[in-house]
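Chain letters run A, B, ... following the sequence lines, proteins first and then strands; every chain starts at 1. This one's a predicted model, so the numbers in the text were calculated from it and none came from an experiment. Every heavy atom of this structure was used, including side-chain atoms; hydrogens, water molecules and symmetry mates were not.
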Number of protein chains: 2
Amino acid sequence: MLAAERIPHPTREELELGAVLHALSDPVRLRIVATLAADGTRTCGSFGLPVTKSTCTYHFRVLREAGVISQRPEGTTRVNSLRRDDLEARFPGLLDKVLDAASAEAAA
Amino acid sequence: MLAAERIPHPTREELELGAVLHALSDPVRLRIVATLAADGTRTCGSFGLPVTKSTCTYHFRVLREAGVISQRPEGTTRVNSLRRDDLEARFPGLLDKVLDAASAEAAA
DNA sequence: TAGCAAGTACGATAAACGTCGTATAATCGT
DNA sequence: ACGATTATACGACGTTTATCGTACTTGCTA
């Protein structure tokens with residue numbers, strides 16, 4: 001049964017600014033995105049997030065449904081990656097500035 | 001009674017990315033910000049927003065408390081303006097990219 | 001094949017959000 | 001002094017959000 005093969009992702013054209021900004025406005029999710037930006041692809045469990053597994057699932061789903069990340073099943077895990085190209089195509093420069101802002105804030 | 005003279009605004013240093021992104025993630029508020037960006041300073045009532053007055057008050061308050069706009073009482077109205085400089089100082093380039101993204105989305 | 005590890009599904013819950021309506025305050029004109 | 005205008009305050013309301021715990025599924029591996 002390869003049902004998990006079909007995890008729904010919005011297309012590039014379907015990306016909505018409001019949903020993206022909302023997805024990025026949560027500290028846990030912003031941390032996921034920043035980690036992913038620095039470090040390529042990661043499984044869900046490898047982030048050391050201060051929340052339970054089910055809450056993780058929830059946050060990854062919010063990010064995926066907003067089109068910020070994509071998830072690909074691989075064995076029992078899911079490999080996450082940033083949808084840099086799609087975000088850049090739809091909202092040029094936005095992701096980078098958010099990431100800059102996040103590290104600027106962390107440095108303060 | 002000049003109590004209304006002291007509307008609380010966060011300082012530049014107090015701006016938080018999460019709060020700013022959340023403030024910008026609502027369509028009504030994003031429209032307020034876009035209008036303000038295009039048009040300098042405006043009173044609350046002059047936006048033609050599709051919500052009641054009390055909801056307007058609410059949205060302007062969210063934007064002000066996030067540090068996105070400032071409000072200055074003037075007669076019976078409040079004059080709103082974007083806190084461009086503070087946002088730019090704290091999160092360089094962010095506001096412009098969000099505004100670009102908003103108009104890109106509107107054009108699609 | 002039996003167990004383990006990684007995630008998901010689902011239900012519960014408390015808090016926050018966006019909206020409204022009504023009532024109130026502050027200021028300007030007349 | 002009065003009314004009109006502009007906006008806030010407060011309470012209500014239904015919805016969404018972020019969180020958890022428990023139960024389940026899936027695939028690897030010993």
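As rounded to whole Å, 12 Å separates atom P of C:dG7 from atom CD1 of A:I69. If you measure from atom CG of B:L21 to atom C1' of C:dC17, you get 17 Å, rounded to the nearest angstrom. If you take CD of B:E74 and C1' of C:dA26, they are 14 Å apart, rounded to a whole angstrom. Distance CZ (B:R72) to C1' (D:dA7): 16 Å, rounded to an integer number of Å. Rounded to an integer number of Å, the gap from CD1 of B:I7 to C1' of C:dA25 is 14 Å. At whole-Å resolution of the value, CD1 in A:I32 and P in C:dG7 are 12 Å apart. Protein atom CZ of A:F60 is 13 Å distant from nucleotide atom C1' of C:dT8, rounded to whole Å.
For A:E16, the CD atom is loosely surrounded, since the number of other residues' heavy atoms within 6.0 Å does not exceed 12.
Across residues 34-47 of chain A, A:T43, A:C44, A:G45 each have a non-hydrogen atom less than 4.0 Å from an atom of DNA chain C (numbered order).
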Letter per nucleotide, 5' to 3', of nucleotides 15-21 of chain D [B base touched, S only sugar-phosphate touched, - untouched; heavy atoms, 4.0 Å]: --SBBBB
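Inspection of the B:T41 and B:S81 side chains reveals no N or O donor paired with an N or O acceptor under 3.5 Å. Counting only N and O atoms by type, the side chains of B:T55 and B:T52 include a donor and acceptor under 3.5 Å apart.
Because its NZ or CZ atom is not both nearer than 6.0 Å to the ring centre of B:F47 and within 45° of the ring axis, B:R31 does not count as a cation-pi partner of that residue. A cation-pi arrangement is absent between A:R78 and A:F60, since the terminal nitrogen or guanidinium carbon is not both under 6.0 Å from the aromatic centre and inside a 45° cone about the axis.
The minimum heavy-atom distance between A:A89 and A:R12, with the atom names listed, is CB-NH1, 3.3 Å. Pairing each heavy atom of B:F91 with each of B:V20, the nearest pair is CE1-CG2, 4.1 Å. Taking every heavy atom of both residues into account, B:L36 and B:N80 meet most closely at CD1-O, 3.7 Å.
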Side-chain donor-acceptor pairs under 3.5 Å in residues 92-99 of chain A, sequence neighbours left out?
residue	atom	partner	partner atom	Å
A:D96	OD1	A:R84	NH2	3.3

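Distances shown here put a side-chain N or O of B:R78 below 4.0 Å from the OP1 or OP2 atom of D:dT8.
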